[in-house]
> 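Sharing a structure below in structure tokens format, with a few things to ask.
Ligands are counted one by one from 1 in listed order, and the atoms in each one are counted from 1 as well. This chain uses plain numbering: 1 for the first residue, then up along the sequence.
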Amino acid sequence: MNVLQEAVSLRDKNSLGIDASARYFTRARSTDDLRHAIAWADAQNLETLILGGGSNLVFAGDFSGLVVQVGITGRCWQEINSDSAVLELGAGEPWHDCVLYAAKAGYRGFENLALIPGTVGAAPVQNIGAYGTELSDTMVDLTALDRTTGKVIRLTNEQCRFSYRDSLFKHEPGRYIIIRVRFRLSRTRDLQLQYHDLKDYFSDQDTSQLTPSDVAQAVMAVRRRKLPDPDQLPNVGSFFKNPVIPGTEWRSLKERHPDLAGYPAEDSAKVAAAWLIDQCGWKGYRNDRVGVHNRQALVLVNHSDGSGQDVLNLASRIREDVQSRFGVRLEIEPGVVGGATTGL
Ligand code: EPU
């Protein structure tokens, strides 16, 4: 049976370092632990929050129910052939450690996702992505506890309905608790080096002999240059999604702002939210508690004991500015929980 703690500070359990507390807290190391914890919360009529690494969450206040941290570990190779293999990972495994582990074994597919904080179980929720790769490119399927039926089920990649920073799990919050995730990794597929930062990094090198570990190291170097380390300066990575707008709107914005940054596709475009925020003069802004990172305008940081509300207020001011200057609506990327917003 899991140990149940009462009145637990969540400060070291969320990468924004928000000093919220949970009325009850437990760590689940197995599917049975999960079932017990959920059954107990249901019997008390308490809300539950499933927590991974807490790296994509904003606590708007205290959480008055049960927080369950998923600590299910395990790494297992399956279906190994000369070209590829399936790697099954427990939901509580730290994502970055698994990236290095797979790359060291010579398998390709994870390397561009190095240094993304958080756990394996949280990764499919927002379909983590960076440097031209998304989790959905390699994920085969996952095992989850479906809270509506109490059954452990398998969801295929397609059933997870992945798109840019989006999945089934964002549309049915709380329904599924991810237990294990399976990925197909390749020994031979081309390394993905097209993203501008990686192109620049390798510009004077022969890239034909690169290993997945070399690419992971490059991604780590690029990220360390641009993004704050949550252990040094608390943050949740990009605070906003890059908004996707129709092609017509992109062209008219581009006419008015020729240096507008983004990723145009056929009939739509992803605008670089960082560029919009930067143009509004927010980059490097700080008040006495929270601010905008000085090297990447998409990242809000907690300088000194800021509350979730401090961060959300800053985010609102930024959104209003971007909306009135560019007519583009920014959407917040992390989940907001606790306080009056519980259930959002
Ligand atoms: N830019 C600015 N000002 C800034 C930062 C960037 O004008 O302060 C402009 C530059 O023109 C730059 C462009 O925005 O070329 C794009 O910036 P960057 O390459 O840093 O990527 P991004 O679109 O801002 C996305 C992801 C990151 C991911 C990088 C690399 C989202 C919301 N963010 O950022 O993901 O690491 O691409 O692939 O899609 C995260 O989700 O937490 C995250 C860090």
> If only atom types and distance count, is the side chain of N302 paired as donor or acceptor with the main-chain N or O of L16 below 3.5 Å?
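Checking the backbone N and O of L16 against the side chain of N302, a donor-acceptor pair under 3.5 Å is found.
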> Using heavy atoms and a threshold below 4.0 Å, how should the contact between F239 and ligand 1 be classified: side chain, backbone, both, or neither?
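Near ligand 1, F239 shows nothing, with every heavy atom at 4.0 Å or more.
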> Determine, using heavy atoms of R165 and all atoms of ligand 1, whether some pair is separated by less than 4.0 Å.
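Yes.
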> Can you confirm if the NZ or CZ of R147 lies within 45° of the ring axis of Y176 and under 6.0 Å from the centre of its six-membered ring?
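No cation-pi geometry.
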> Indicate the atoms forming the closest heavy-atom contact of W250 with P264, along with that distance.
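So the minimum-distance heavy-atom pair works out to NE1-CB, 3.7 Å.
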> I need the atoms of ligand 1 closer than 4.0 Å to a non-hydrogen atom of A261, numbered in the order shown.
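Contacts of ligand 1 toward A261, numbered from 1: 11 (O).
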> Would you mind listing which atoms of ligand 1 come within a distance below 4.0 Å of any non-hydrogen atom of K283?
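Near K283, the atoms of ligand 1 are 3 (N), 4 (C), 8 (O).
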> With salt bridge (charged side-chain N to carboxylate O under 4.0 Å, His left out) as the criterion, how do D305 and R289 come out once you've worked through the C-alpha distance, each side chain's angles and the decisive distance to 0.1 Å?
CA-CA 6 Å; D305 220 8; R289 291 191 295 273; over 6 Å; no
> For atom 38 (O) of ligand 1, what is the nearest protein heavy atom, given as residue, atom name and distance?
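For atom 38 (O) of ligand 1, the nearest protein heavy atom is Y131 N, 2.6 Å.
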> Please answer whether the main-chain N or O of K199 pairs with a side-chain N or O of Q194 as donor and acceptor at a distance below 3.5 Å.
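No.
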> So is E333 close enough to ligand 1, meaning a heavy atom under 4.0 angstrom away?
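Heavy atoms of E333 never come under 4.0 Å of ligand 1.
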> Starting from L115, can I reach Y131 by hopping between I/L/V/M/F/W/Y residues whose side chains sit under 4.5 Å apart?
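Hydrophobic grouping puts Y131 apart from L115.
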> Any donor and acceptor pair, going by atom type alone, linking the side chain of R108 with main-chain N or O of R189 inside 3.5 Å?
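Present.
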> Counting distance only, does the side-chain N/O of K254 pair as donor-acceptor with the main-chain N or O of L260 below 3.5 Å?
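Side chain of K254 to backbone of L260: a pair is present.
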> Can you list the ligand 1 atoms lying under 4.0 Å from a non-hydrogen atom of D278?
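In order of number, 2 (C), 3 (N), 4 (C), 7 (O), 8 (O).
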> So, taking the atom named CG in L135 and the one named CG in N157, what distance separates them when rounded to the nearest 0.5 Å?
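L135 atom CG to N157 atom CG measures 8.0 Å (nearest 0.5 Å).
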> Using the rule that two of Ile, Leu, Val, Met, Phe, Trp, Tyr join whenever any of their side-chain heavy atoms come within less than 4.5 Å, decide whether V86 and L155 are in one cluster.
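As far as the 4.5 Å side-chain criterion goes, L155 and V86 are not connected within one cluster.
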> Considering both backbone and side-chain atoms of G237, is one of its nitrogen or oxygen atoms within less than 3.5 Å of a nitrogen or oxygen in ligand 1?
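N/O-N/O distance under 3.5 Å: no.
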> Would L330 and I332 show up in the same hydrophobic cluster when neighbours are defined by side-chain heavy atoms closer than 4.5 Å?
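In one cluster: yes.
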> Do Q296 and ligand 1 have an N or O pair less than 3.5 Å apart?
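By distance alone, the answer is yes.
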> Would you mind listing which atoms of ligand 1 come within a distance below 4.0 Å of any non-hydrogen atom of A130?
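So the atoms of ligand 1 that pass are 36 (O), 38 (O).
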> Tell me the contacting part of A272 for ligand 1: side chain, backbone, both, or neither, using a 4.0 Å heavy-atom threshold, strictly below.
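It is the side chain that touches ligand 1; the backbone stays farther off.
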> Specify the protein heavy atom at minimum distance from atom 34 (O) of ligand 1: its residue, its atom name, and the distance to 0.1 Å.
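Scanning the protein heavy atoms, the shortest distance from atom 34 (O) of ligand 1 goes to L298 CD1, 4.0 Å.
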> So which heavy atom in the protein is nearest atom 33 (N) of ligand 1, and how far is it from that ligand atom?
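Nearest protein contact, heavy atoms only, for atom 33 (N) of ligand 1 is S238 OG, 3.0 Å.
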> Considering only non-hydrogen protein atoms, determine which one is nearest to atom 25 (C) of ligand 1 and report residue, atom name and distance to 0.1 Å.
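Residue, atom and distance for the closest contact: N242 ND2, 4.2 Å.
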> Would you confirm whether E134, through its side chain, and S136, through its main-chain N or O, come within 3.5 Å as a donor-acceptor pair?
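It does not hold such a pair.
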> Given Y195, F240, W282, Y263, identify the one with the heavy atom nearest to atom 37 (O) of ligand 1.
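Looking at heavy atoms only, Y195 sits closest to atom 37 (O) of ligand 1.
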> Taking 4.0 angstrom as the limit and counting only heavy atoms of W275, give me the atoms of ligand 1 inside it, by number and element.
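Under 4.0 Å from W275, ligand 1 has these atoms: 2 (C), 7 (O).
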> Using heavy-atom distances only, which candidate in A274, A273, G132, P243 approaches atom 6 (C) of ligand 1 most closely?
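Ranked by closest heavy atom to atom 6 (C) of ligand 1, first place is A274.
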> Considering the heavy atoms of H196, write down every atom of ligand 1 situated less than 4.0 Å from one of them.
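Answer, ordered by atom number: 15 (O), 19 (O).
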> Flag Y164 as yes when one of its N or O atoms lies below 3.5 Å from any N or O atom of ligand 1, and as no otherwise.
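Yes, since at least one N or O of Y164 sits under 3.5 Å from an N or O of ligand 1.
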> Is R223 in contact with ligand 1, taking contact as a heavy-atom separation below 4.0 Å?
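Judged by the 4.0 Å heavy-atom criterion, R223 does count as contacting ligand 1.
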> Go through ligand 1 atom by atom and flag the ones less than 4.0 Å from a non-hydrogen atom of A297.
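So the atoms of ligand 1 that pass are 4 (C), 8 (O).
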> Side chain to side chain donor-acceptor pair (under 3.5 Å) with D166: which of R161, H171, Q126?
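That would be H171; it is the only one of R161, H171, Q126 passing the side chain to side chain donor-acceptor pair (under 3.5 Å) with D166.
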> Look at ligand 1 and say whether Q279 reaches it with a heavy atom at a distance under 4.0 Å.
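No; Q279 lies far enough from ligand 1 that no heavy-atom distance drops under 4.0 Å.
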